[in-house]
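Following: one structure in structure tokens, then a few remarks.
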Amino acid sequence: KSYRVAILGATGAVGTELLELLESRNFPLADLKLLASERSAGKTLKFKGENLVIEAVSDRSFANVDIVLASAGGGTSKTWAGVAVDKGAVVIDNSSAFRMNPDVPLIVPEVNPQAAAEHKGIIANPNCTTILMTLAVWPLHQVKPVTRIVAATYQSASGAGAKAMEEVKIQSSAILQGQQPVAEVLPYPLAFNLFPHNSPMTDLGYCEEELKMVNETRKIFGSQDIRITATCVRVPVLRAHSEAINLEFDTPFSPDEARAILSNAPGVKLVEDWQKNYFPMPIEASGKDEVLVGRIRQDISHPCGLELWLCGDQIRKGAALNAIQIAELLVEKNLLQNG
Ligand code: A2P
């Protein structure tokens with residue numbers, strides 16, 4: 001059996017990765033439609049050696065589509081997801097528009113695949129930093145419940161889209177030539193710099209990105225009582241995010257036990273060479289499916305605390321790969337609207 005898929009936001013950083021993954025994972029496609037804004041209409045993208053023409057999204061785009069992979073921003077998803085569902089498609093949405101909606105499952109396939117069965121047409125792909133963190137924390141949480149998580153993130157430019165990645169390269173080259181960097185996509189120059197995450201600030205003094213880690217992790221884990229706090233920072237890395245994570249349990253969790261669990265955890269690769277001080281790096285996580293985890297150590301400030309460090313490709317597992325895995329799950333469990 002094969003399926004009719006549309007990518008909404010096909011020209012973006014995540015959209016082009018979705019295209020690559022549909023090809024490399026040999027997703028059973030009957031038809032593939034590339035949708036973006038008017039700006040891209042008529043341009044082409046390569047898929048399996050063929051040039052596919054991009055269409056401007058419209059009312060007519062979603063007839064005869066089984067799965068929509070949406071990655072064109074929250075506003076675009078809000079406009080089109082309902083239209084696509086009414087036409088019989090299941091929408092896997094990469095934006096934050098529907099993530100906290102109680103009728104919308106929020107899924108990391110390695111963590112809560114069972115939630116997919118509850119969908120009513122829309123499934124949300126979690127925030128990238130949340131996906132990466134849950135992959136490392138969930139397997140430990142299964143053995144001993146985590147009571148508190150303190151996370152600090154080091155987030156790449158790719159989270160702000162293809163244009164932000166380009167901007168960092170241009171800024172770097174300007175600085176190397178002795179010129180002033182120009183910031184247009186991101187609020188401040190990122191090359192040779194960093195700044196607290198640029199998502200909107202809330203009354204709590206946390207930016208939205210930080211609250212996504214709190215609220216989405218609780219929803220995915222199905223546990224509202226885990227205490228979570230995060231500080232999110234944008235760093236001049238192109239496409240992989242890093243996270244320093246402090247975990248607290250009710251009883252001590254030995255680093256060796258955590259290591260043994262994580263070396264067998266799905267979607268996780270343990271990367272540690274203590275002699276060489278060699279641990280996960282964004283440059284090595286880029287282009288990989290797995291989240292690289294290492295530096296697992298006892299928190300010397302707390303008898304029941306555990307420290308770890310991870311890096312994961314933000315565009316891949318943090319977005320496009322997770323969405324494709326959700327699509328694969330829907331196919332495997334026969335959960336599409338059209339059967
Ligand atoms: P376009 O290239 O035509 O602007 P990124 O996350 O890398 O910034 O990519 C955003 C994606 O969302 C692009 O594919 C972009 O298409 C698409 N997009 C942005 N706004 C709209 C819109 N109003 N309607 C459809 N697609 C949109």
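Order of appearance sets the numbers: ligands from 1, and atoms from 1 within every ligand. A quick note: this is a predicted structure, and the numbers were derived from the prediction, not measured.
Legend: salt bridge (Lys or Arg N to Asp or Glu O under 4.0 Å) pairs involving residues 65-88, not counting sequence neighbours, sorted by first then second residue: Arg4-Asp66.
In this model, no donor atom of one side chain and acceptor atom of the other lie less than 3.5 Å apart for Glu216 and Asn127. Between Asp93 and Ser95, the side chains place a donor N or O and an acceptor N or O closer than 3.5 Å (distance only, hydrogens not considered). Tyr206 and Thr229 share a side-chain donor-acceptor pair at under 3.5 Å.
Sorted by chain and number, the heavy-atom contacts of ligand 1 below 4.0 Å come from Gly9, Ala10, Thr11, Gly12, Ala13, Ala36, Ser37, Arg39, Ser40, Val57, Ser71, Ala72, Thr76, Gly161, Ala162.
In this structure, the side chain to side chain donor-acceptor pair (under 3.5 Å) partners of Ser156, at least two apart in sequence or on a different chain, are Ser158, His241. Residues satisfying the ring-ring contact (aromatic ring centres under 6.0 Å, His included) test with Phe98, not counting sequence neighbours, are none.
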